[in-house]
Amino acid sequence: MSLPLPDAQALVLSRALTQRIAEDIAQQGGWIGFDAFMHRVLYEPGLGYYAGPMRKFGAQGDFVTAPELSPLFARCLAEQVSQWFGQAEPVVVEFGAGSGRLAAGLLDALHELGTPARSYLIVEVSASLRERQRETIAQLAPDRIGVVQWLDTLPAQIDGVVIGNELLDAMPVRVFEIDAGGLHEVGVSMIEDDSFDWATRAADTVLTEAVTKTLGDLPHQSPSESSLEPVDTGYGSSGRYRSEIGLQGQAWVETVGRALGRGAMLLIDYGFSAREYYHPQRDQGTLVAHFRHRVHTDVFHLPGLQDVTAHVDFSAIARAGATAGLDLLGYTSQSRWLINCGLLDRLAALTSPAQAGEQGAAAAIEAARMVGAAQTLLSEAEMGELFKVIAFGRGLTDDALGFGRGDRRGTL
Ligand SMILES: C[S@@+](CC[C@H](N)C(=O)[O-])C[C@H]1O[C@@H](n2cnc3c(N)ncnc32)[C@H](O)[C@@H]1O
């Protein structure tokens, strides 16, 4: 795939980051794990994709997320959060708030529903995004900015509702391969001074145990605890099976889950159950890069200038929540969750002919745009089926609005 060329200033930043990672690889004896590489290309201060100055979200960025696409997404989320505010403190903790658009929309919608947030806490690892979030909320929801605060560290106790949209996919993953020789970890080495390449080494105990547990739990194969025997498992029997495992995302769910007192945690992301994620035919994993609205698999291209991401194994996320002692409140597709939260009714009200007739052509154009965006959120071919929503709770009733119909907890 031919990718657009970045400008000269961006190339300078990317070369500086490449240099830093190359020095790190040399210091570590010629190899670093892919999780270490992914951490640096995304979060290296001043140079990483999320830590650098480039615009990431929206039409001028590299990808569009649901809250950027339509205000209806925040509105639907508000219905769910409002229900939970009836049983928990009216506090939202948003992790990885991106441009701040979801926060602005959610704050306004909660206010309109008569269940305003008393406090809206944002945990964001990127300093440049914090600034952008502050600007967005001040511009789109100026009356609500007074309740927003940015936290430097994870709160020791959270009472309220935790949310994260496309958060887990941005957390570094470890890459593994299974072939006739067994299990290996796939990491990164240098081929020239300025060019990265894949390189394998023996898997350590942590990775071996995690992969054995993950694949061993699946019904379509049964690797022996000790050998990950490729012929028996279907993994690597006809070549190399490569995939990744999101141990950092799982650890994050456990940590935040333990901090959750009375309240809920809702996570939205692209991914599947382990059975689909680790299907033997998905033998190249799910790792991809996003650059100017193109999705491609060269994750070493222009470090720091493109997003690098992996899908989420929601079975592992469900397990992590259970380990933290949380109740699983639901798991379903984004389209089902949005419909359960009233998206179609809201859309009909906003785009009714009476409304368009009263306000003229501009309203009709806006209505058509809203319908188009809702189609992208719901369509099976776009975000509706690939994106999933999972919710956990502590001390809440098991009747979360978004999972009233089409709950797929049983598939995890
Ligand atoms: C793909 S973006 C999604 C942004 C936004 N939620 C949206 O939907 O538009 C991922 C975000 O997660 C942030 N992030 C990644 N790891 C994080 C962590 N451990 N804690 C808080 N934020 C994190 C990134 O800096 C970035 O803002």
Side-chain angles (χ1 to χ4, degrees), residues 35 38-74 76-77 92-106 120-137 140 149-155 158 162-173 246-257 259 265-271 288-291 293 295 304 306-312 317 320 334 338 373 376-377 383 386-389:
D35 52 343
M38 185 167 166
H39 181 79
R40 298 197 73 165
V41 297
L42 295 182
Y43 303 111
E44 180 79 3
L47 295 175
Y49 181 74
Y50 285 112
M54 304 297 161
R55 185 160 278 261
K56 301 138 202 19
F57 314 105
Q60 290 135 35
D62 301 294
F63 54 88
V64 179
T65 61
E68 304 292 322
L69 204 58
S70 168
L72 289 173
F73 185 82
C76 289
L77 178 57
V92 175
V93 185
E94 182 178 3
F95 285 81
S99 72
R101 205 168 260 276
L102 181 61
L106 185 55
Y120 197 105
L121 308 171
I122 295 181
V123 184
E124 172 58 68
V125 289
S126 157
S128 65
L129 283 177
R130 277 180 180 215
E131 225 18 73
R132 176 138 178 235
Q133 290 155 12
R134 199 184 301 279
E135 284 164 19
T136 307
I137 300 168
L140 299 181
Q149 256 180 285
W150 281 261
L151 303 182
D152 291 323
T153 51
L154 190 68
I158 299 173
V162 171
I163 58 173
N165 185 57
E166 293 203 34
L167 168 76
L168 295 172
D169 72 72
M171 294 196 185
V173 292
L247 298 182
Q248 290 196 24
Q250 295 166 35
W252 180 90
V253 171
E254 272 189 52
T255 307
V256 176
M265 177 185 338
L266 185 117
L267 302 167
I268 305 160
D269 225 309
Y270 34 89
V288 287
H290 291 256
F291 186 60
H293 301 277
V295 185
Q306 60 173 8
D307 188 23
V308 175
T309 164
H311 286 38
V312 174
I317 294 305
Q334 174 172 290
L338 286 169
T376 306
L377 291 176
M383 299 174 84
L386 178 60
F387 280 70
K388 308 292 189 314
V389 187

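Indexing begins at 1, ligand by ligand and atom by atom, following the structure's order.
Under the rule for a side chain to side chain contact (heavy atoms under 4.5 Å, CB included), the partners of E44 that lie at least two apart in sequence or sit in another chain are L17, R20, R40, L47. Every residue two or more places apart in sequence or in another chain that forms a side chain to side chain contact (heavy atoms under 4.5 Å, CB included) with V123 is listed here: V93, F95, L151.
Taking any N or O of E94, backbone or side chain, none lies under 3.5 Å from an N or O belonging to ligand 1. Between T65 and ligand 1, a contact under 3.5 Å exists for at least one N or O pair. Between N165 and ligand 1, at least one N/O pair is under 3.5 Å apart.
Remark: ligand 1 atoms within the under-4.0 Å shell around heavy atoms of V123 are 21 (C), 22 (N). Close contacts of ligand 1 with M171, meaning ligand atoms under 4.0 Å from a residue heavy atom, involve 19 (N).
Note that OH of Y270 is 3.0 Å distant from CG of D169, once rounded to the nearest 0.5 Å.
In this structure, the side chains of V256 and M265 come closer than 4.5 Å at one or more pairs of heavy atoms. Contact check for F291 versus D307: no side-chain heavy atoms found under the 4.5 Å cut-off. D152 has its side chain within reach of R130: a pair of non-hydrogen atoms, C-beta onward, lies under 4.5 Å apart. K388 has its side chain out of reach of Q334: every pair of non-hydrogen atoms, C-beta onward, lies at least 4.5 Å apart.
Distances from atom 15 (C) of ligand 1 to the heavy atoms of Y43, Y49, W252, F73 show the closest one on Y43. Of the options G98, G96, G164, the smallest heavy-atom separation from atom 6 (N) of ligand 1 is shown by G96.
Only side-chain heavy atoms of P67 come within less than 4.0 Å of ligand 1; its backbone N, CA, C and O stay farther off.
In this structure, L129 has a heavy atom closer than 4.0 Å to ligand 1.
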